[in-house]
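Lettering of chains follows the sequences in order, A, B, ..., and the numbering in each one begins at 1.
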Amino acid sequence: MKKIRLILAIIILSISIALLLWGFLPSRTEIRIQDISPQEMQLPTPSSLHLNGMLVS
Amino acid sequence: MNLKHFSSRHVFLSVFILWIIVFILSACGSAVQTEPTESPSTSATEIAPTEAVVVGTPQPPSFEPALLETRRLTLEFPLKIKADSASDIVRLTLEVDDLDNITPTAFYQENVITGEVIQIPNLYETHNVGVETRFDIAGLQVEPAGDVYQPLQQGLPLTFYWSIRAPQVGKFRGTIWVNLVFVDKVTGEESRRAVSAQIVDIEAVDFFGFSVNFVRTSGVIGSVLGIIVGFPFFDDVVKYLWSKRKSRKKSKRK
């Protein structure tokens, strides 16, 4: 009887731990870094309207 | 000591300690979620400017007015969010490059580079400069929606935050636009320049069709129930630890 109760407690705790982990752990984030040079921060000129001046990821 | 009794106690002890650790981690986890991480090296995907596809011929050196600082745009967003849950944060920072390595260079006769100081007019002196950003993503609730404007000052970083929430499960793709806005201090003429357009993919998930709140509540209730069911073993564990401590004290005295 004691053994069954122990197994039951372990099963309940294991499932609860899994639920708590999923529910509370923060989601994985992605970090993107892009350097912007002074040339890309000039006043818009006809040449800057081309896509080559803008970085698209 | 009974071997059978000893092993069950150990098993329950390990499960209980594991539960305590997870509970503490869960409590810390919610705090971590709200606090933006500052180390991009852990799970960061660094996209260097060289990875972008640059089409066209190399640009000639320009002596037009410019912002005389190198900026670093950092975008941080969750890859997966929980559907129908509390909102997650998307952060975009436009900070000044620590190296501040603006090296004026001049191109002279077939790629020979000579170190020559070039006087580039500072745009901050002639224009009011601002940054306008927008997060466009269909299917997700984004706050603030639409254009967000912040004035840009020389040497100071800028940070934009968006709060996102997914009403349903699915994969969502959006774009974060970053524009520089220049307003002439004399004439008031406004001009814009697109600096970056970052495409972001965010997936909203649930737990086998169950909502986050249901999962969290079940986890807490299950933990309490597990402790109640395993309470006799908990009693054994406490007694075992107490006896261990006593025996250690005795050995120290000797």
Using a 4.5 Å cut-off on heavy atoms from C-beta on, say whether the side chain of B:Pro78 contacts that of A:Arg28.
-> no
Scored by heavy-atom pairs under 4.5 Å with chain A, the best of B:Gly222, B:Gly219, B:Pro232 is B:Gly219
Interatomic distance, A:Ile31 atom CD1 to B:Thr74 atom OG1 [nearest 0.5 angstrom] | 8.0 Å
From B:Leu92 CG over to A:Arg32 CZ, what is the distance, rounded to the nearest 0.5 angstrom?
-> 11.0 Å
Evaluate whether atom CD of B:Gln153 has more than 12 neighbouring non-hydrogen atoms of other residues, nucleotides or ligands under 6.0 angstrom away.
-> no
One should read off an interatomic distance between B:Glu95 CD and A:Ile36 CD1, to the nearest 0.5 angstrom, of 10.5 Å
Cut-off 4.5 Å, heavy atoms of chain A, and the answer for B:Ile202 is neither
Any donor-acceptor pair under 3.5 Å linking the side chain of B:Arg72 with the backbone of A:Gln34?
-> no
Spacing of A:Ser16 atom OG and B:Leu225 atom CG [to the nearest 0.5 Å] | 7.5 Å
Check ring pair (Phe, Tyr, Trp, His ring centres under 6.0 Å) between B:Phe207 and all other residues, then give those that pass, not counting sequence neighbours.
-> A:Trp22
Interface check, chain A: of B:Thr175, B:Ile81, B:Val212, B:Thr93, most non-hydrogen pairs under 4.5 Å belong to B:Val212
Hey, does the side chain of B:Arg216 reach the backbone of A:Gly23 with a donor-acceptor pair shorter than 3.5 angstrom?
-> yes
Residue pair A:Ala9 / B:Gly226: nearest heavy atoms and the distance that separates them = CB-O, 3.8 Å
Going by heavy atoms in the side chains, are A:Thr29 and B:Leu79 under 4.5 Å from each other?
-> no
What heavy-atom pair brings A:Leu19 and B:Ser218 nearest, and what distance separates the two atoms?
-> CD1-CB, 3.7 Å
Does some side-chain heavy atom of B:Ser223 sit less than 4.5 Å from a side-chain heavy atom of A:Leu20?
-> yes
Pairwise distance OG1(B:Thr70) to CG(A:Asp35) - rounded to 0.5 angstrom = 7.5 Å
